[in-house]
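To start, the structure under review is shown below, and the notes come after it.
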Amino acid sequence: MLMKKTFVLLSFLSMCFLAFCFCTPGNANDDEKYKTIIKNIRNTLTYMHYRPQVINDNFSEDVFKMYFEKIDPGKRYLLQSDMDEFEKDIHNLDDYFNNQDLRFYHATIDTLFIRFQEAKAYSEEILKTPFDFTKDEELLIGEEVVQYAKNKTEAKDLWRKYLKYNTLSELVRLQEDSTKVGVPLVELEKEAREKVSENISDFFRRQLKLKKDKFLTSYINSFTEKYDPHTSFFSPQDKDDFDVGISGQLEGIGARLQDKKGYATIMEIVIGGPAWKDGQLEVGDQITHVKQKGEDQVNIVGLLLDEAIRHIRGKKGTEVTLTVKKKDGSIKDIKLVRDVIEQDEVFARSAVVEKDGEKYGVIYLPEFYTNFNDRNGRDPSNDITKEINELKKENIKGLVFDIRYNGGGSLEEVVEIAGLFIPKGPIVQVRRSDGQMRVHEDRDPSVLYDGPLVILVNELSASASEILAAAMQDYGRAVIVGSNKTFGKGTVQQFIPLDQRTFSPDEYGALKLTIQKFYRISGGSTQLKGVTPDIVLTDLLTYADISEGNSHDALPWDQIKEIKFDRWPAKFNLEEVKAKSANRLKDNAYLKLIDEAARYYKDTEKIDRFSLNLETYKQQRKVREEKAKMFDSLDVYKTSLKVQPPKHELEKFKTDTVFQERRKDWHKNMTNDFYLEESINILKDIS
């Protein structure tokens with residue numbers, strides 16, 4: 001849960017490490033490929049983007065700023081002298097993009113590589129010497145206060161403070177460890193410093209393995225995102241990862257891996273997958289070599305994890321032999337046949353909730369998934385149809401459709417899902433840049449579920465989620481419950497392969513391109529404004545700057561004509577339902593505490609420096625922790641809801657222990673869910 005995260009600021013080390021990706025120099029042969037990619041992207045943007053741009057000096061200035069925010073976001077590597085040199089090209093980037101000129105790209109990456117090597121050397125030298133935590137100095141972290149180092153001496157000192165801060169954080173953790181009581185400070189400082197040294201050494205090891213085309217994405221997307229935040233270049237590998245994520249399915253051995261000091265290490269065995277069925281792989285095993293049938297063995301030790309995974313992954317039915325170092329040190333060859341692995345957490349799921357002797361259904365949809373590569377793959381409309389049919393057998397009195405944190409997905413699927421709740425009719429209007437309109441509608445006159453319905457949303461319900469919520473609100477079919485508004489993404493994207501010979505993303509990747517805007521059937525756009533729920537409830541994201549309106553170069557809001565549609569026959573008075581909810585929640589202590597917590601977490605984002613004095617740091621940390629303790633009760637909120645799995649899942653509960661534990665976890669969270677509880681209360685009001 002969100003309350004479980006303490007301070008984002010306290011994980012500053014890991015964020016800064018992950019924010020920067022380095023690469024080794026490329027070769028001249030790559031340039032022709034890069035130029036082709038940029039040329040095809042430029043042409044595609046010009047002729048197909050919803051809002052074509054005038055690429056001029058103003059455009060170039062914005063690209064310049066965005067590019068350096070991507071490649072050196074903490075201003076930790078480049079010097080001010082580097083930036084002074086690069087700024088000579090601040091009005092040339094438009095020309096470089098139009099002409100596929102890579103000189104600026106190479107100059108920045110080559111310089112960054114030099115600075116990266118210097119930072120590595122600084123770190124190794126700095127971490128050899130104990131830190132003095134009695135001095136009064138600070139580490140600056142805020143965007144407004146951090147500046148590029150004027151010279152290498154200043155750069156080294158900035159790295160000293162950065163490493164000192166992380167050593168300080170580790171030192172305080174050790175001091176609070178009950179097994180370290182009585183250990184002298186000097187020994188704890190040494191242990192903390194060695195831990196930071198180990199972490200940063202591993203960081204540099206991974207970064208130095210990256211290839212140059214990793215930075216090409218940042219360079220190109222500094223141009224594409226000037227068109228709008230959702231237009232971006234995907235390398236072939238990125239596109240493949242996207243497809244896996246949006247489908248909820250991948251082909252492989254059924255094991256989750258993590259990088260442990262250069263070894264692809266088994267973190268989890270997926271129930272039902274080839275590795276689980278074979279029974280020889282275990283958590284903690286290290287994969288050292290991979291052999292495809294009929295090919296030579298490949299050593300994957302030291303490879304980046306995503307590269308190692310690409311050797312291990314493969315098509316269903318293909319054979320792979322893994323050489324594994326077991327936890328006892330023995331070496332073993334394990335032969336597996338790959339299969340399709342489903343990521344259960346992506347797919348729609350349901351539960352039965354009992355309150356005051358009545359049963360209600362809950363369906364949670366994490367995303368509107370789709371399988372681009374398999375027409376027979378799973379889709380949410382079919383899954384939700386099955387879940388509703390099973391819930392109806394339980395004689396539910398109402399249904400909560402939970403799409404909180406659902407960032408969207410397939411437009412076709414959301415139209416299908418909306419159609420499950422209404423007779424045939426329009427669901428959403430879509431407009432192209434030339435003004436041509438299309439109405440997506442449900443053509444099936446049947447209604448799968450006609451009972452009381454609540455749609456539960458929050459600030460991270462976006463795109464397809466907003467289409468569903470807006471349509472149900474316009475029809476008067478459901479009561480929309482949630483935060484003050486949804487995300488506000490009212491645009492439609494399409495993937496365009498950049499290889500114009502094969503129209504495949506396998507060689508040059510693909511461009512995710514904004515081609516349309518969508519509008520409610522009542523005429524308003526959800527762009528920027530999102531969907532305002534019928535019943536608004538404060539949550540932890542209420543004051544967070546995470547919506548579309550905070551994105552650079554987001555498309556504007558506008559409105560078109562309403563189209564004809566028949567509203568759902570009113571079975572309740574919405575104003576009365578809202579009044580009942582307001583009366584029920586009047587002076588609610590939980591909501592007041594949520595509001596206070598949301599404001600507090602918003603304020604923590606303004607912190608732009610940390611003390612590097614041990615005693616001052618501990619005092620400041622204590623103040624923050626004591627403040628945060630005020631909100632601990634939010635995590636232990638207990639509803640009166642009784643949550644059970646639907647009957648059709650009971651058999652799987654008996655045979656799949658991982659599935660059982662995941663469902664139990666979800667059910668437990670539901671019994672602590674204030675927003676779900678109020679949604680059930682609202683269902684009672686409209687029943």
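All values reported here derive from a predicted model rather than from experimental measurement. Computed from heavy atoms alone, side chains included, the values below leave out hydrogens, waters and symmetry copies.
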State the OG1-CG distance between Thr655 and Leu650, to the nearest 0.5 angstrom. 11.0 Å

I need the Thr217 OG1 to Ile37 CD1 distance, nearest 0.5 Å. 8.5 Å

Which residues pass the side-chain contact (heavy atoms from CB on, under 4.5 Å) test with Lys512, sequence neighbours left out? His230, Ser232, Phe234, Gln493, Phe495

Test item: Asp379 and Thr370 side chains (from C-beta on) under 4.5 Å apart, heavy atoms: no

Tell me, do Leu391 and Tyr449 make a side-chain contact under 4.5 Å, heavy atoms counted? no

Could you pull out all residues at least two apart from Ile515 that satisfy side-chain contact (heavy atoms from CB on, under 4.5 Å)? Gln494, Leu513

Here the pair of heavy atoms bringing Val481 nearest to Ser679 is CG1-OG, 4.1 Å

Output the distance between atom NZ (Lys359) and atom CG (Asn395), rounded to the nearest 0.5 Å. 7.5 Å

If you round to the nearest 0.5 Å, how far is CD1 of Ile417 from CG of Leu365? 5.5 Å

Do NZ/NE/NH1/NH2 and the carboxylate oxygens of Lys684 and Asp356 come within less than 4.0 Å? yes

Note: Ala464 and Ser410 closest approach over all heavy atoms is CB-O, 4.3 Å

Is a side-chain donor or acceptor of Ser381 paired with a backbone partner of Glu413 at a separation under 3.5 angstrom? no

Heavy-atom check, side chain of Thr486 versus side chain of Ile480, under 4.5 Å: no

Indicate the atoms forming the closest heavy-atom contact of Ala348 with Asp383, along with that distance. CB-CB, 4.3 Å

Might you point out which heavy atoms bring Pro533 and Ser483 nearest each other, and give the distance in Å? CG-O, 2.9 Å

Contact between Ile455 and Ile403 at the side-chain level, heavy atoms closer than 4.5 Å - yes or no? yes

Distance check, rounded to the nearest 0.5 Å: Ile220 atom CD1 versus Phe215 atom CZ? 13.5 Å

Should we say atom NZ of Lys293 is surrounded by more than 12 heavy atoms from elsewhere, each under 6.0 Å from it? no

So does Glu170 pair up with Arg173, basic N to acidic O under 4.0 Å? yes

Are the side chain of Lys315 and the backbone of Gly317 linked by a donor-acceptor contact shorter than 3.5 Å? no

If only atom types and distance count, is the side chain of Lys489 paired as donor or acceptor with the main-chain N or O of Gly407 below 3.5 Å? no

Quick check: do Arg501 and Glu507 have side-chain heavy atoms less than 4.5 Å from each other? yes

Give a yes or no on whether Lys392 atom NZ has more than 12 heavy-atom contacts from other residues, nucleotides or ligands under 6.0 Å away. yes

Distance-only donor-acceptor check, side chains Asn371 and Gln249, under 3.5 Å: yes

Assess, by modelled atom type and distance only, whether the side chains of Glu390 and Ser350 contain a donor and an acceptor separated by less than 3.5 Å. no

Could you grab the distance from atom OH of Tyr590 to atom CD of Glu678, nearest 0.5 Å is fine? 12.5 Å

Indicate yes or no: does Arg205 engage Asp202 in a salt bridge with an N to O separation below 4.0 Å. yes

Taking side chain as C-beta onward, heavy atoms only, is Asp259 less than 4.5 Å from Thr265? no

Looking only at heavy atoms, which two atoms of Gly254 and Ala275 are closest? And how far apart? O-CB, 4.1 Å

Residue pairs involving residues 236-246 (criterion salt bridge (charged side-chain N to carboxylate O under 4.0 Å, His left out); sequence neighbours excluded): Lys239-Asp243, Asp240-Arg310, Asp240-Arg313, Asp241-Arg310, Asp241-Arg313

For residues His648 and Glu387, is any side-chain donor paired with an opposing acceptor at under 3.5 Å? yes

Strictly distance-based, threshold 3.5 Å: is any side-chain N or O of Arg338 a donor or acceptor partner for the main-chain N or O of Ile312? yes

What class does the angle between the rings of Phe347 and Tyr369 fall in, given that below 30° is parallel, 30 to 60° is tilted and above 60° is perpendicular? perpendicular

Side-chain (Lys260) to main-chain (Gly284) donor-acceptor, under 3.5 angstrom: no

With a 4.0 Å cut-off, would you call Lys316 and Glu251 a salt bridge? no

Going by salt bridge (charged side-chain N to carboxylate O under 4.0 Å, His left out), name the pairs with one or both residues in residues 263-285, residues two or more places apart or in two chains. Arg256-Glu268, Glu268-Arg662, Glu282-Lys326, Asp285-Lys326

State whether the side chain of Lys291 and the backbone N or O of Glu295 hold a donor-acceptor pair below 3.5 Å, judged by distance alone. yes

Suppose the criterion is salt bridge (charged side-chain N to carboxylate O under 4.0 Å, His left out): which pairs have a residue in residues 442-465, not counting sequence neighbours? Glu441-Arg443

Test: salt bridge (charged side-chain N to carboxylate O under 4.0 Å, His left out). Region: residues 399-408. Which pairs qualify, not counting sequence neighbours? Asp402-Arg404, Arg404-Asp673

N/O donor-acceptor pair under 3.5 Å between Glu466 side chain and Gly490 backbone: no

Can you find a side-chain donor-acceptor pair between Asn221 and Thr224 that sits under 3.5 Å? yes

Test side chain to side chain contact (heavy atoms under 4.5 Å, CB included) on Leu540 and Ile594 and set out the steps. CA-CA 6 Å; Leu540 285 174; Ile594 278 280; 4.1 Å; yes

Decide yes or no on side chain to side chain contact (heavy atoms under 4.5 Å, CB included) for Val643 and Val362, but give the supporting numbers first. CA-CA 10 Å; Val643 183; Val362 176; over 6 Å; no

Would you say the side chains of Asn458 and Tyr675 form a donor-acceptor pair under 3.5 Å? no

Are Trp276 and Ile341 close enough, and set up right, to give a side chain to side chain contact (heavy atoms under 4.5 Å, CB included), and what steps lead you there? CA-CA 11 Å; Trp276 179 81; Ile341 313 299; over 6 Å; no

State, without any angle test, whether Lys355 and Ser640 hold a side-chain donor-acceptor pair at a distance under 3.5 Å. yes

I need the minimum non-hydrogen distance between Gly509 and Pro236, along with the two atoms involved. N-CG, 3.6 Å

Just so I know, are the side chains of Ile287 and Leu257 near enough to count as touching, which here means a heavy-atom distance under 4.5 Å? yes

Does Arg378 reach the main-chain N or O of Gly248 with its side chain, forming a donor-acceptor pair under 3.5 Å? no

Donor-acceptor contact present, side-chain Ser218 to main-chain Lys70, <3.5 Å: no

Measure the shortest side-chain to side-chain distance between Thr639 and Phe674 over non-hydrogen atoms and say whether it is less than 4.5 angstrom. no

When you look at Val353 and Val400, which way does the side chain to side chain contact (heavy atoms under 4.5 Å, CB included) test go after all the steps? CA-CA 10 Å; Val353 175; Val400 176; over 6 Å; no

